[in-house]
Trainee: 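Can you keep this structure in mind? I'll have questions shortly.
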Amino acid sequence: MTVSLPRVVVLISGRGSNLAAILGADLPLQVVAVISNRPGAPGLELATGRGIPVALLSADEYPDRDDYDDRLRALIDLHEPNLVVLAGFMRILSPSLVRHYARRMLNIHPSLLPAFTGLHTHRRALDGAVAVHGCTVHFVTEELDGGPIVAQGVVPVLPSDDEAQLAQRVLAMEHRLFPMVLRAWAEGRLTWEGERPLLRRADGTPGERWLGLDPS
Ligand code: GRF
């Protein structure tokens, strides 16, 4: 009997290190397509090397935002995904597109939301002299970086950090957090029935929603 794994489409814009972490984590899911909005994204090459269908949808070709989003939606739906994963997809999606994937679209953001929505999160964390920083996986809603939080990864901010060092520490955490959440999702342990998403352990009890510092 063939067991069909849940289908995931991943959207990227560049480097694709989160995509690499997802593909390398041996998750019980199938990445059925990788779509980039930027040409030459190294992540596309990575996916091609693994035999995953890739597509490029450049905004240069579809300057009208609604037109772009219609194409993107058609392209994604061609692959009949159960989940759409934004792994460094640096483009704001229209409300209608987001609504189309309601509860079926996850994003990773490089800050501990709701702090530092938007861009330049590491610089802003340093400027704000915060003691901890990190990353967040959340469901995508119409509010930019404002959808329900699924899980967070916490890292310390060291006095000696510059932006690059802090970014690297957060990125390493992203590479742990996203696969953890996707494994839970693929195993049916991530649900969102009430007000908030819930991560459960295999025995059904509420699971940890964060990675990082030892709380003791
Ligand atoms: C990550 O820091 C992600 O959180 C942000 O963009 C970056 C993408 O990196 N949204 P990569 O392409 O996965 O290496």
Side-chain angles (χ1 to χ4, degrees), residues 8-25 27 29 31 33-50 52 54-59 72 83-93 97-98 101 105-128 130 132-157 161-183 185 209-212:
V8 174
V9 168
V10 181
L11 271 52
I12 63 166
S13 294
R15 183 174 51 182
S17 70
N18 275 288
L19 171 67
I22 292 165
L23 293 176
L27 301 173
L29 55 79
V31 175
V34 173
I35 301 171
S36 171
N37 65 328
R38 294 205 185 129
L44 287 178
E45 217 172 294
L46 173 80
T48 307
R50 293 194 170 233
I52 299 168
V54 299
L56 167 67
L57 193 62
S58 161
L72 181 59
L83 186 74
V84 179
V85 164
L86 308 184
F89 187 65
M90 306 302 283
R91 192 183 157 89
I92 294 173
L93 299 171
L97 187 78
V98 168
Y101 298 109
M105 186 181 264
L106 289 173
N107 180 46
I108 189 153
H109 180 77
S111 80
L112 294 174
L113 291 171
F116 311 128
T117 58
L119 298 174
H120 310 302
T121 56
H122 309 307
R123 192 190 314 159
R124 288 157 63 207
L126 289 174
D127 288 349
V130 295
V132 289
H133 185 41
C135 50
T136 302
V137 174
H138 64 94
F139 279 103
V140 177
T141 61
E142 290 168 47
E143 194 187 338
L144 181 69
D145 300 326
I149 291 171
V150 174
Q152 296 189 300
V154 184
V155 302
V157 180
D161 276 345
D162 61 20
E163 198 178 334
Q165 287 166 322
L166 183 56
Q168 190 48 49
R169 192 174 307 120
V170 172
L171 192 64
M173 180 54 85
E174 292 183 38
H175 298 163
R176 291 176 53 202
L177 190 73
F178 223 168
M180 177 196 94
V181 169
L182 291 175
R183 182 179 299 284
W185 171 80
R209 295 175 66 229
W210 64 280
L211 288 175

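Order of listing sets the numbers, starting from 1, for every ligand and every atom in it.
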Trainee: Identify, for atom 3 (C) of ligand 1, the protein heavy atom at the shortest distance, and state residue, atom and that distance.
Mentor: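 Its nearest protein heavy-atom neighbour is E174 OE1, 3.2 Å.
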
Trainee: Return yes if a side-chain donor-acceptor contact under 3.5 Å exists between H122 and H133, otherwise no.
Mentor: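 Looking only at side-chain atoms, H133 and H122 do form a donor-acceptor pair, the distance falling under 3.5 Å.
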
Trainee: Quick test: of every protein heavy atom, which one is nearest to atom 12 (O) of ligand 1, and how far off is it to 0.1 Å?
Mentor: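 For this ligand atom, the closest protein heavy atom is G16 N, 2.8 Å.
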
Trainee: Provide, to 0.1 Å, the distance between atom 8 (C) of ligand 1 and the closest protein heavy atom, together with that atom's residue and name.
Mentor: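 Closest protein heavy atom to atom 8 (C) of ligand 1: G88 CA, 3.6 Å.
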
Trainee: Looking only at heavy atoms of G43, does any of them come nearer than 4.0 Å to an atom of ligand 1?
Mentor: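 Outside the 4.0 Å threshold, so no.
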
Trainee: Does a side-chain heavy-atom distance below 4.5 Å link M180 with V137?
Mentor: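 Heavy-atom side-chain distance check fails, nothing below 4.5 Å.
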
Trainee: Just wondering, are more than 12 heavy atoms of other shown residues or ligands nearer than 6.0 Å to CD in Q165?
Mentor: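 Yes, CD of Q165 has more than 12 neighbouring heavy atoms, counting only those of other groups under 6.0 Å.
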
Trainee: For atom 9 (O) of ligand 1, grab the closest protein heavy atom and report residue, atom and distance to one decimal in Å.
Mentor: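 For atom 9 (O) of ligand 1, the nearest protein heavy atom is R15 NH2, 3.0 Å.
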
Trainee: Quick one: does I108 get a heavy atom under 4.0 Å from ligand 1?
Mentor: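 Checking ligand 1 against I108, which is what was asked, there is a heavy-atom contact under 4.0 Å.
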
Trainee: Report the member of I22, I12, L171, N18 with the shortest heavy-atom distance to atom 13 (O) of ligand 1.
Mentor: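 Considering heavy atoms of I22, I12, L171, N18, the nearest to atom 13 (O) of ligand 1 sits in N18.
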
Trainee: Compare all side-chain heavy atoms of F89 with those of L72 and state whether any distance is below 4.5 angstrom.
Mentor: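 Result yes, sub-4.5 Å side-chain heavy-atom pair found.
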
Trainee: Indicate yes or no: at least one non-hydrogen side-chain atom of R91 is less than 4.5 angstrom from one of L57.
Mentor: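 Not touching, per the 4.5 Å side-chain cut-off.
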
Trainee: To the nearest 0.5 angstrom, please state how far the CD atom of E142 sits from the CG atom of L93.
Mentor: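 Going from CD on E142 over to CG on L93, the span is 11.5 Å.
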
